[in-house]
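Before any comments, here is the structure.
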Amino acid sequence: MSPVSPRADLESLPKYVPGRTIQGAIKLASNEVPGGPLPSVAQAIAETAQGINRYPDITASALVERLARELNEPVERIAIGCGSVSLCQQMIQALCGPGDEVVFPWRSFEAYPIVTQVANAVSVKVPLTVEHGLDLKAMLAAITPKTRLVFVCNPNNPTGTVVRRAELERFLDAVPSGVLVVLDEAYKEFVTDAEVPDGVELARGRDNVAVLRTFSKAYGLAGLRVGYAVAPEAITVALKQVYVAFSVNMIAQAAAIASLDAADELLERCKEIVSERTRVRDALVAKGYEVPETQANFVWLPLGERTTEFAEHALERKLIVRPFAGEGARVTIGTPEENDLFLEAAGDFPR
């Protein structure tokens, strides 16, 4: 008798490569914010921890209601997930059957092809423009009768580039009504370009647009894993049907609510990161690097075949960046002191 074996196609599944953590090194690889939780959030975490012998609210009703007030949206249009990456997978599981297509830009969030294949759907990767931005015309042309879902990462990870309002509205108007467009806005809180639209506002009145956001980045809760979707009610109902029960734990729910209550203080920290983002990019450009304009909390260095060499050079100086071999390196904005060390290392890299 043959032994039990997993799906044969899992061997070909793309591997998610997390940012490395090395004792004593500065981690600029995972787009985390450098500050820990605010005192009010830490207090909410500590108080909630006293009740972890109980299951969390499976519907996260308090968090959903808080988000509904924050976003001026009905609770029926909001769904919670274990980070926005979980919601990406839930979207595909809820909408796609075997052989259905998922269109997304590439390079973009590296989980897209993974969660697509896990759900037995087909990835359709659309190359970025020469300016490292999303090519919405090409993405529109890639839509076929088999397409069920399109991811638009805005700002795009790992390049930091954005799609502005007029171009995005033209795209949404042209996408067939039976195709769901998912605006992945994991880095929205770092956007300062007034021409980049708020996806939640843009989605109102559109029956085929959903928005994903997360508490992992600007809100500093990467270790707790909580995100949310704003979508037509039929989509949120479907997301809840494929949701892994209790996967958003009670500490994550309480911390997310406390973070929303402290939003003004947290967003002040975002302004500091944005200021550093500008300083770091300007310094890199002055050193002769090509660095696309970024609206996220990271910069992208399209180093091509020298990417791995650059990452190793940084690591020798106890700096961890995120290399995508043969393409480029993504570097998270850290504290001013961490950024200074990175800029020094970038200046020492033989060009």
Side-chain angles (χ1 to χ4, degrees), residues 19 27-38 41 67 70-71 83-85 87 105 107-111 128 131-134 151-165 168 182-202 211-224 226-228 230 256 259-260 262-285 291-301 321-322 328-336 338-339 342-343:
K27 186 179 180 185
L28 302 176
S30 296
N31 298 343
E32 302 146 333
V33 294
L38 295 172
V41 178
L67 284 166
E70 186 80 15
L71 301 168
S84 57
V85 63
L87 286 159
R107 177 166 292 276
S108 192
F109 183 32
E110 60 188 302
L128 302 179
E131 294 84 15
H132 312 287
L134 274 58
F151 283 112
V152 175
C153 193
N154 198 32
N156 186 48
N157 175 15
T159 60
T161 52
V162 292
V163 178
R164 294 179 172 86
R165 181 180 301 276
L168 185 53
V182 180
L183 304 178
D184 188 345
E185 295 187 336
Y187 301 93
K188 183 204 179 293
E189 292 83 2
F190 302 105
V191 173
T192 57
D193 186 336
E195 288 303 309
V196 178
D198 181 304
V200 173
E201 294 179 2
L202 202 61
V211 181
L212 299 183
R213 291 184 184 165
T214 182
F215 287 91
S216 295
K217 309 304 181 185
Y219 290 92
L221 301 183
L224 287 180
V226 56
Y228 61 94
V230 182
S259 294
L260 289 169
D264 290 344
E265 193 174 354
L266 283 165
L267 295 179
E268 278 299 316
R269 300 201 305 191
C270 291
K271 291 180 182 178
E272 296 172 7
I273 292 171
V274 166
S275 177
E276 279 294 290
R277 175 183 78 193
T278 301
R279 183 177 75 89
V280 169
R281 180 179 181 270
D282 288 349
L284 289 169
V285 171
V291 186
E293 289 190 16
T294 173
Q295 289 287 303
N297 69 327
F298 53 83
V299 292
W300 172 249
L301 283 68
V321 302
R322 178 65 175 89
R330 188 192 68 201
V331 185
T332 306
I333 301 300
T335 66
E338 291 170 342
N339 298 332
F342 166 68
L343 290 172

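What you see is a predicted model; the values in this text were computed from it and never measured.
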- When you look at Phe215 and Leu266, which way does the side-chain contact (heavy atoms from CB on, under 4.5 Å) test go after all the steps? CA-CA 11 Å; Phe215 287 91; Leu266 283 165; over 6 Å; no

- Got a salt bridge between Lys217 and Asp184, using NZ or NE/NH1/NH2 to carboxylate O under 4.0 Å? no

- Query: Would you call Glu110 and Arg330 a salt bridge, using N to O less than 4.0 angstrom?
  - Reply: no

- Task: Using a 4.5 Å cut-off on heavy atoms from C-beta on, say whether the side chain of Val191 contacts that of Pro155.
- Result: yes

- Could you go step by step and tell me if Glu293 and Val162 meet the side-chain contact (heavy atoms from CB on, under 4.5 Å) rule? CA-CA 9 Å; Glu293 289 190 16; Val162 292; over 6 Å; no

When you measure from the side chain of [X] to the backbone of [Y], do you find a donor-acceptor pair of N or O atoms at a distance under 3.5 Å?
{"X": "Gln295", "Y": "Asp193", "result": "yes"}
{"X": "Ser30", "Y": "Glu32", "result": "no"}
{"X": "Arg281", "Y": "Pro292", "result": "yes"}
{"X": "Thr159", "Y": "His132", "result": "yes"}
{"X": "Asn154", "Y": "Glu185", "result": "no"}

Which heavy atom of [X] sits nearest a heavy atom of [Y], and at what distance?
{"X": "Val85", "Y": "Ala111", "value": "CG2-CB, 3.6 Å"}
{"X": "Phe190", "Y": "Arg277", "value": "O-NH1, 2.9 Å"}
{"X": "Pro336", "Y": "Arg279", "value": "O-NH2, 3.4 Å"}
{"X": "Ser259", "Y": "Tyr219", "value": "CB-CD2, 3.7 Å"}

- Task: Give a yes or no on this: more than 12 heavy atoms of other residues, nucleotides or ligands lie within 6.0 Å of atom CD of Glu276.
- Result: yes

- Message: Using the rule given for side-chain contact (heavy atoms from CB on, under 4.5 Å), can you reason through Asn157 versus Phe298, listing the C-alpha separation, both sets of side-chain angles and the distance that settles it, and then say yes or no?
- Response: CA-CA 9 Å; Asn157 175 15; Phe298 53 83; 4.2 Å; yes

- Under the side-chain contact (heavy atoms from CB on, under 4.5 Å) rule, what do Leu128 and Asn156 come out as? Steps first, then yes or no, please. CA-CA 10 Å; Leu128 302 179; Asn156 186 48; 4.1 Å; yes

- Message: Just to verify, which of Val230, Val200, Leu183 counts as forming a side-chain contact (heavy atoms from CB on, under 4.5 Å) with Arg213?
- Response: Val200

